Number of protein chains: 2
Amino acid sequence: MTHAPTQRMRTEARQGRGIPEATVARLPVYLRALTASSDRGVSVASSQDLATAAGVNSAKLRKDLSYLGSYGTRGVGYDVEYLRYQISRELGLTQDWAVVIVGIGNLGQALANYAGFSTRGFRIMALLDADPAREGERFGGHEIRRMTDLEDIVGAHGVSIGVITTPAAAAQGVADRLVAAGVTSILNFAPAVISVAPGIDVRKVDLSIELQILAYHEQRKGPATAGVTSPPGVESA
Amino acid sequence: MTHAPTQRMRTEARQGRGIPEATVARLPVYLRALTASSDRGVSVASSQDLATAAGVNSAKLRKDLSYLGSYGTRGVGYDVEYLRYQISRELGLTQDWAVVIVGIGNLGQALANYAGFSTRGFRIMALLDADPAREGERFGGHEIRRMTDLEDIVGAHGVSIGVITTPAAAAQGVADRLVAAGVTSILNFAPAVISVAPGIDVRKVDLSIELQILAYHEQRKGPATAGVTSPPGVESA
DNA sequence: AGGAGTTTGTGAACAGGAGAACAAAATCGC
DNA sequence: GCGATTTTGTTCTCCTGTTCACAAACTCCT
Ligand SMILES: NC(=O)c1ccc[n+]([C@@H]2O[C@H](COP(=O)([O-])OP(=O)(O)OC[C@H]3O[C@@H](n4cnc5c(N)ncnc54)[C@H](O)[C@@H]3O)[C@@H](O)[C@H]2O)c1
Ligand SMILES: NC(=O)c1ccc[n+]([C@@H]2O[C@H](COP(=O)([O-])OP(=O)(O)OC[C@H]3O[C@@H](n4cnc5c(N)ncnc54)[C@H](O)[C@@H]3O)[C@@H](O)[C@H]2O)c1
């Protein structure tokens with residue numbers, strides 16, 4: 001999304017090791033399906049099996065996997081462990097990634113407490129918040145540190161990924177500071193468009209947008225039954 | 001995404017009131033840009049202004065808006081308030097939508113505390129959790145209620161949107177129950193593929209996937225500088 | 001060994017979306 | 001009133017992504 005599609009990239013994308021963006025976005029889903037299969041003791045799975053588990057078309061799954069190489073066996077399927085390793089490697093998950101979270105409010109705390117990150121190779125190196133009164137509070141085994149420590153932490157641990165969970169008004173400033181400190185990928189939860197230098201990746205997660213998209217489809221499916229039936233106060237059962 | 005692309009839908013999409021999916025996903029961003037302009041006292045904005053604020057190409061913005069109708073004035077731009085209303089109406093935000101959140105753990109609590117939902121017309125009607133010990137706890141002015149109340153709540157308030165923030169293993173079951181109760185749109189935060197009947201919309205928000213996509217690009221941009229500085233663990237094959 | 005049955009990998013057709021470019025329509029200055 | 005200027009709405013072209021369909025490759029059984 002933030003990858004400027006230069007001619008060079010586009011050219012070397014197909015011939016070299018490049019993988020279509022849409023495929024990259026699905027590889028983690030396949031990885032999860034493979035992990036689930038592995039946990040159930042399955043050692044070989046067909047594209048059909050995996051596609052069902054991942055919720056996609058089997059032809060699409062096969063084409064996606066073909067970008068990584070020919071890791072399947074015709075007439076048999078894919079070796080679960082082997083494919084799992086290959087996808088992990090392609091996604092860069094055979095190494096750990098250092099992460100900082102900035103803005104430890106409701107959402108930042110939830111993320112800090114979430115175990116699912118570290119199990120996937122994302123190591124939270126620090127929690128940062130602008131409120132000095134919060135310093136020292138602990139979430140998920142991590143301590144809140146003051147914003148002035150940001151540059152040191154990023155430098156010392158080679159932090160490449162920053163997560164922004166501050167209010168929208170602060171997001172651009174925080175992003176600028178993260179990038180200046182050396183972060184090259186940002187996951188932004190604040191409902192704000194942030195602009196960064198070329199070469200820096202930004203992905204956004206926006207819950208309000210997701211709800212609004214649902215509302216659009218909802219409105220179109222049943223105008224008759226749509227809407228809230230009771231007055232907008234507190235619930236009255 | 002969950003909309004089965006039947007021929008009928010595809011046909012009536014262009015001629016009637018249908019809007020391309022990619023456009024629908026951007027309308028909330030435009031809406032936010034318009035609200036920001038409005039708050040700054042701006043009453044008219046050009047496609048260029050709005051495109052910059054929304055982080056998109058101006059031609060794309062104009063084309064997106066053209067699906068709603070001809071609401072701009074050539075040589076002038078778009079009336080901020082008028083366009084804001086038109087987008088709101090198209091997205092179905094001129095009415096309120098009733099929402100339930102199921103699974104009030106770290107993430108569910110953060111969502112319950114989040115003020116940004118109600119300000120956009122999404123009314124949280126109930127917080128539900130399987131743990132009976134949690135009943136009665138309050139978050140953001142809402143009380144946790146027991147799962148057995150789900151059907152009554154959905155029925156009584158015409159709840160059409162369900163948010164799932166339970167562990168992955170519980171997600172499918174919760175989804176089934178929400179749909180059976182009458183919910184027709186689901187926002188799923190659990191890292192699980194859930195399958196639903198045709199006509200039910202499911203959108204997923206998956207933080208791990210977002211991080212993994214960032215890791216992929218991160219790995220490719222600087223293999224030299226990538227990685228955590230601590231020992232690598234299992235790598236060299 | 002050979003044929004039947006499976007399942008992958010990919011070519012080809014198709015659909016959808018992005019962006020450049022420009023004609024049409026409005027305002028403004030004189 | 002009229003030309004210069006601005007900005008929209010839309011057409012056209014290109015590119016990415018999806019899906020079908022099938023040959024190639026493998027296993028298993030006799
Ligand atoms: N809570 C949710 O469920 C939710 C849902 C959707 C979107 N969001 C978005 O996520 C962001 C965080 O939401 P929240 O509910 O956690 O908000 P919050 O107000 O609870 O937390 C924000 C935190 O950021 C800190 N902060 C403020 N300015 C800062 C700065 N310049 N540098 C560092 N830290 C700073 C504050 O001290 C606070 O701790 C917001 O942008 C919000 O719109 C939240
Ligand atoms: N916390 C995060 O930041 C984060 C990040 C990414 C993904 N997730 C995902 O979001 C989901 C919730 O995460 P969390 O950290 O809030 O987990 P959590 O364990 O803190 O909360 C889960 C809640 O769901 C309730 N629950 C369990 N089974 C239920 C059922 N069948 N019906 C109703 N309620 C049930 C539990 O009582 C608990 O309160 C998980 O699937 C997690 O993978 C969370």
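Because the structure is a prediction, the values reported are computed rather than measured. Throughout, protein chains are lettered first and strands after them, A, B, ... in sequence-line order, and every chain is numbered starting at 1.
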Integer-rounded Å distance: dA18(C) P and Tyr67(B) OH: 9 Å
Arg177(A): salt bridge (Lys or Arg N to Asp or Glu O under 4.0 Å) partners, not counting sequence neighbours: Glu151(A)
Distance in angstrom units between Leu65(B) CG and dT8(D) P, rounded: 9 Å
Working for side chain to side chain donor-acceptor pair (under 3.5 Å), residues Thr35(A) and Arg84(A): CA-CA 7 Å; Thr35(A) 303; Arg84(A) 195 150 77 113; 3.3 Å; yes
Pairing of Asp206(B) and Arg32(A) as salt bridge, 4.0 angstrom limit: yes
Output a table of nitrogen or oxygen pairs between the protein and nucleotides 3-6 of chain D separated by less than 3.5 Å.
none

Atom-pair distance (CG on Leu83(A); C1' on dT7(C)), nearest Å: 15 Å
Value in whole Å for how far the P atom of dT7(D) lies from CG of Asp79(B): 16 Å
Whether Trp97(A) side chain and Gln219(B) backbone form a donor-acceptor pair below 3.5 Å: no
Selected nucleotide, minimal atom distance to Ser46(B) side chain, candidates dC20(D), dT7(D), dT7(C): dT7(D)
Pairwise 5' ranking along DNA chain D for Ala22(A) and Ser66(B), keeping only the more 5' one: Ser66(B)
Phosphate OP1/OP2 of dT7(D) contacted by Ser47(B) side-chain N/O (<4.0 Å): no
Of the listed nucleotides dA26(C), dT7(C), dT19(D), the one nearest the side chain of Thr73(B): dA26(C)
d(NZ, Lys60(B); P, dT8(D)) in whole Å: 17 Å
Phosphate OP1/OP2 of dT10(C): any Lys63(A) side-chain N/O under 4.0 Å: no
Rounded distance (Å) that lies between atom P of dG9(C) and atom CG of Asp64(A): 12 Å
Check: Tyr114(A)/Asn106(B) side-chain N/O donor and acceptor closer than 3.5 Å: no
Distance-only side-chain donor-acceptor flag, Thr94(A) / Arg89(A), under 3.5 Å: no
Gap between atoms CG and P, on Asn57(A) and dG9(C) respectively (whole Å): 15 Å
d(CG, Leu61(B); P, dT10(D)) in whole Å: 14 Å
Salt-bridge contact Lys221(A)-Asp201(B) (side-chain N to carboxylate O under 4.0 Å): yes
DNA chain C: 5'-proximal contact among Tyr78(A) and Thr23(B) (nearest heavy atom): Tyr78(A)
Most 5' of Arg62(B) and Arg26(A) on DNA chain D, judged by nearest nucleotide: Arg62(B)
